[in-house]
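Take a look at the structure below.
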Amino acid sequence: MIRVLFLCLGNICRSPMAEAVFRKMVKDEGLDDKIEIDSAGLGGWHVGERPHRGTLEVLNKHGVDHAGIRARQFTKQDIQAFDYIVAMDEDNMSGLARLGVKKGPRVFKLLDLVPDERDSDVPDPYYTGNFDLVYELVHKGCAVLLKKIKEEYNL
Ligand code: 4NP
């Protein structure tokens, strides 16, 4: 199994959206027996909660299943357990760095993969309220991520 973890701060807005969107893309390509997907948050405030209403609404609007997703906190075990750790913003990258995880071929920001968006962050809709923009960016990033993984593993 190739294991992909999406990471954000609270694990209720951005990374669960990325988890659901990527899961759909992977399933649509028949790769769900090869790629395993999860998400986590650096903070623990929302552990056990379902995604934010704005995330659920945007996923419903685009016909993306989100059953079973609940917030959990990132742990040190995740560093070894996942092949890719995909963060949403620079603040997440600083959080990872504090835990000793450095940016590299398997640890990066989602939008670093998108040529037009390189270096940019997925803005936190918990504060901006703009879940549609997050969907657009997450969808773009996930498409490139899948292409990259397929290339790297000859899938
Ligand atoms: P997320 O958004 O990192 O995209 O899940 C946030 C959700 C909750 C909080 C911060 C960001 N919070 O501070 O509770």
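Bear in mind that the values here come from a model prediction, so they are computed numbers and not experimental data.
Taking both residues in full, the closest heavy atoms of P123 and L133 are given as CG-CD2, 3.7 Å, listed atom of the first, atom of the second, then distance. L7 and N92 make their closest contact through O-OD1, 3.3 Å (heavy atoms, listed as atom of the first residue, atom of the second, distance). A pairwise comparison of heavy atoms in F108 and L113 identifies CE1-CD1, 3.7 Å as the closest pair. Nearest heavy-atom pair, Y153 versus R106, reported as atom, atom and distance to 0.1 Å: OH-NH1, 3.1 Å. Taking all atoms of both residues into account, the shortest heavy-atom contact from S39 to N11 is OG-ND2, 2.9 Å. Scanning all heavy atoms of the two residues, the minimum distance from L137 to L110 falls at O-CD2, 4.4 Å.
A donor-acceptor distance shorter than 3.5 angstrom exists from the side chain of Q73 to the backbone of L42, with no hydrogens or angles considered.
Considering CZ of F6 and CE of M88, their distance stands at 6.0 Å, rounded to 0.5 Å. Atoms CD1 and CG, from I85 and D38 in turn, are 11.0 Å apart once rounded to the nearest 0.5 Å. Here F82 contributes atom CZ and Q77 contributes atom CD; the two are 11.0 Å apart, rounded to the nearest 0.5 Å. Put simply, CG on L146 and CG on D28 are 10.0 Å apart, with the number rounded to the nearest 0.5 Å. Separating the NE2 atom in H46 from the SG atom in C13 is a distance of 7.5 Å, to the nearest 0.5 Å.
Taken together through direct or relayed side-chain contacts under 4.5 Å among Ile, Leu, Val, Met, Phe, Trp and Tyr, V138 and L145 form part of one hydrophobic cluster. Using a 4.5 Å cut-off between side-chain heavy atoms of Ile, Leu, Val, Met, Phe, Trp and Tyr, with links allowed through other members, L31 and V144 fall into the same hydrophobic cluster. Put simply, L56 and V64 are part of two different groups of oily side chains (I, L, V, M, F, W, Y) that touch within less than 4.5 Å, one to the next. L5 and F22 sit in two unconnected hydrophobic clusters of ILVMFWY residues. Membership requires side-chain heavy atoms under 4.5 Å apart, directly or through other members.
For the pair R3/Y84, no side-chain contact is recorded, criterion being any heavy-atom separation below 4.5 Å from C-beta on. No side-chain heavy atom of E29 sits under 4.5 Å from any side-chain heavy atom of L155. D65 has its side chain out of reach of R23: every pair of non-hydrogen atoms, C-beta onward, lies at least 4.5 Å apart. Contact of the F74 side chain with the L99 side chain is registered, since non-hydrogen atoms from C-beta on lie closer than 4.5 Å. Counting heavy atoms from C-beta on, the side chains of Y126 and L9 never come closer than 4.5 Å. Using a 4.5 Å heavy-atom cutoff, the side chains of W45 and I12 are not in contact. Side-chain contact between V4 and D83 is absent, with no heavy atoms from C-beta onward closer than 4.5 Å. Between I69 and P51 there is a side-chain heavy-atom pair separated by less than 4.5 Å.
Between K140 and D116, no side-chain nitrogen of the basic residue sits less than 4.0 Å from a carboxylate oxygen of the acidic one, so the salt-bridge criterion is not met. For E90 and K109, the salt-bridge test passes: some basic side-chain N is under 4.0 Å from an acidic carboxylate O. One finds a salt bridge joining D89 and R14 here, because a Lys/Arg side-chain nitrogen approaches an Asp/Glu carboxylate oxygen to under 4.0 Å. Salt-bridge check for K61 with E57: failed, with every basic side-chain N at 4.0 Å or more from each acidic carboxylate O. Electrostatic pairing of K103 and D112 counts as a salt bridge here, judged by a charged N lying under 4.0 Å from a carboxylate O. Classification of R72 and D78 as a salt-bridged pair holds, one side-chain N sitting under 4.0 Å from a carboxylate O.
No option in I37, V58, V26, L59 other than L59 meets the side chain to side chain contact (heavy atoms under 4.5 Å, CB included) test with V21.
A side-chain N or O of H66 and one of R50 form a donor-acceptor pair less than 3.5 Å apart.
Sparse packing is recorded around NZ of K147, with 12 or fewer heavy atoms of other residues, nucleotides or ligands lying under 6.0 Å away.
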Assess the residue pair L111 and R118 against the criterion (side-chain contact (heavy atoms from CB on, under 4.5 Å)); give the C-alpha distance rounded to whole Å, side-chain angles, the decisive distance to 0.1 Å, and a yes or no. CA-CA 6 Å; L111 295 181; R118 194 157 284 152; over 6 Å; no

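A parallel orientation is assigned to the rings of Y135 and H62, their planes being inclined by less than 30° (bins at 30° and 60°).
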